[in-house]
Chemist: 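Below is the structure I would like to discuss, written out as structure tokens.
Bear in mind the structure is a predicted one, so any value in this text is a computation, not a measurement. Below, chains carry the letters A, B, ... as their sequence lines are ordered, and counting in each starts from 1.
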Amino acid sequence: MEVEVESFVPELPEVETVRRGLERTVLDRRIVEVTVRNAKVLKGQSEAELRERTVGRLITQAQRRGKYLLLPLADTETNRLTVPEDSSPSFFLCIHLKMRGQLRVEASDAEPGPYHCVTLLLEEALGGRKALRFYDMWTWGELRALRQEEIGTLAPSLAQMGEEPLEPSWGAANLGAKLRGRKTAIKPTLLDQRVVAGVGNIYADESLFLSGIHPERPANSLSPEETDRLAQAVRTVLTEAVEGGGTTSDNYFDVAGLPGRFTPQVYDRGGEPCSNCATTLTRIRLAGRGTVFCERCQPAVIVR
DNA sequence: ATAGCGCCCTGGTGGC
DNA sequence: TGCCACCAGGGCGCTA
């Protein structure tokens, strides 16, 4: 079987889908062996250190912050059932998929697919084994085991990262405060992880389309009503995408190999008719990013 | 402060 | 038909 590992962009919904997949498949499994085939994804961490920090430990949770996956690892010695207050993780497996990274849970005897970088061999409760594999065609992604206090070295800094847009507390008030005083165009502002966590190119375009806001509008030019519409659109789009298991792509799969079912309205559809008014969608380059929008549904208030 | 680069990397594409 | 320059993309880090 040929395993395709190409062209998809992991943003919040895709990472969340992977997180949920991991939650179903690797919790309370013990890491018994680490194989590194391409050390570039370790981003400077030595294979020996990765091994020291992971082998023999249990994956106790699958957490997500923005586009980061954080898997707390507990020492085997720690009895989580009887001493829960002592179960603070000794290390976190920190994973960022960047552009092309993929995590897959596979049979331990399955041959690794192309672009295989790291395999964590996991021992199951009844003694069986499975493989958690990290694939990355471009090796931009990262997989490291960090101490809790080292997590601050992740970039963008988790401390500086904006709020989670799917948290109930997030909304127009938070977004509006972040946009205040920013002259930068709204599209690249949404991509800034310090503004809001987890939004990437797909969902920035989708949110702006849904809220009827032109991507080149200066961030601080949005009215309170527009800010409110945008915040709601971000939430709606991300929620639908999470429910759909990520964006449809020929080559996007979750950890079990299932495709995403969210279909973008504008992303990657330049030249196609707008789903709302049939106007041909415009594609521009904005702050170095491909940007698609509808000139009729997302009018520019500022005329150049 | 912030915009605009180059960098990391490789498969796909368009031009010749 | 083949070669090759070029592009996409997240996020950092540097420069202006």
Chemist: Does the plane of the ring in Tyr203(A) sit parallel, tilted or perpendicular to the ring in Phe262(A)? Use 30° and 60° as the thresholds.
Modeler: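 Tyr203(A) vs Phe262(A) ring planes: tilted.
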Chemist: Respond yes when some side-chain nitrogen or oxygen of Lys67(A) is under 4.0 Å from OP1 or OP2 of dG11(C), and no when none is.
Modeler: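 For dG11(C), OP1/OP2 do have a side-chain N/O of Lys67(A) under 4.0 Å.
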Chemist: Take the protein atom CD1 of Ile202(A) and the nucleotide atom P of dG10(C), then report the distance between them rounded to whole Å.
Modeler: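 Spelled out: CD1 on Ile202(A) to P on dG10(C) is 8 Å.
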Chemist: Round to the nearest Å and state the distance from Glu11(A) atom CD to dG11(C) atom C1'.
Modeler: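 Those two atoms, CD and C1', are 13 Å apart.
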Chemist: Rounded to whole angstroms, how far apart are CG on Asp268(A) and C1' on dT13(B)?
Modeler: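 One finds 14 Å between C1' of dT13(B) and CG of Asp268(A), rounded.
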Chemist: Could you tell me the separation between the CZ atom of Arg285(A) and the C1' atom of dA3(B), rounded to a whole number of Å?
Modeler: 15 Å
Chemist: I need the CD1-P distance between Ile284(A) and dA8(C), as an integer number of Å.
Modeler: 13 Å
Chemist: dA3(B), OP1 or OP2 - any side-chain N/O from Thr184(A) closer than 4.0 Å?
Modeler: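 For Thr184(A), the contact criterion (side-chain N or O under 4.0 Å from OP1 or OP2 of dA3(B)) is met.
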Chemist: Check whether any side-chain N or O of Tyr115(A) sits under 4.0 Å from OP1 or OP2 of dC9(B), and answer yes or no.
Modeler: no
Chemist: Let me know the distance between CZ of Arg65(A) and C1' of dG11(C), rounded to the nearest Å.
Modeler: 16 Å
Chemist: Closer than 4.0 Å, any side-chain N/O of His96(A) to the OP1 or OP2 of dG11(C)?
Modeler: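 His96(A) to dG11(C) OP1/OP2: side-chain N or O found under 4.0 Å.
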Chemist: Please give, in whole Å, the distance from dC9(B) C1' to Asn38(A) CG?
Modeler: 11 Å
Chemist: Output yes when a side-chain donor or acceptor of Arg235(A) lies under 3.5 Å from a complementary backbone atom of Glu167(A), and no otherwise.
Modeler: yes
Chemist: Base, sugar-phosphate alone, or nothing: which one does Gly66(A) contact when heavy atoms must sit under 4.0 Å apart?
Modeler: nothing
Chemist: Looking only at side-chain N and O atoms, does Lys40(A) come under 4.0 Å of OP1 or OP2 in dC9(B)?
Modeler: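 Checking Lys40(A) against dC9(B): at least one side-chain N or O falls below 4.0 Å of OP1 or OP2.
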Chemist: Spell out, as yes or no, whether a donor-acceptor pair under 3.5 Å connects the side chain of Arg261(A) to the backbone of Glu243(A).
Modeler: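 Side chain of Arg261(A) to backbone of Glu243(A): a pair is present.
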Chemist: Identify whether any heavy atom of Arg194(A) sits under 4.0 Å from a base atom; if not, whether one sits that close to sugar-phosphate; answer base, sugar-phosphate or nothing.
Modeler: nothing
Chemist: I'd like to check, for Trp140(A), whether its ring lies over the base of dC8(B) with centroids under 5.5 Å apart and a plane angle smaller than 30°.
Modeler: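 Given the distance and angle limits, yes, they stack.
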Chemist: Please work out if Gln193(A) contacts a base, only the sugar-phosphate, or nothing of the nucleic acid, heavy-atom cut-off 4.0 Å.
Modeler: sugar-phosphate
Chemist: Using a 6.0 Å cut-off, check whether atom CZ of Arg296(A) has over 12 heavy atoms from anything other than its own residue.
Modeler: no
Chemist: Is the shortest side-chain N/O distance from Arg289(A) to OP1 or OP2 of dG10(C) below 4.0 Å?
Modeler: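 Checking Arg289(A) against dG10(C): at least one side-chain N or O falls below 4.0 Å of OP1 or OP2.
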Chemist: I would like to know whether Lys178(A) and Asp192(A) meet salt bridge (charged side-chain N to carboxylate O under 4.0 Å, His left out); could you show each step before the answer?
Modeler: CA-CA 10 Å; Lys178(A) 299 280 190 174; Asp192(A) 187 335; over 6 Å; no
Chemist: Nearest whole angstrom, please: distance from the C1' of dG10(C) to the CG of Leu154(A).
Modeler: 15 Å
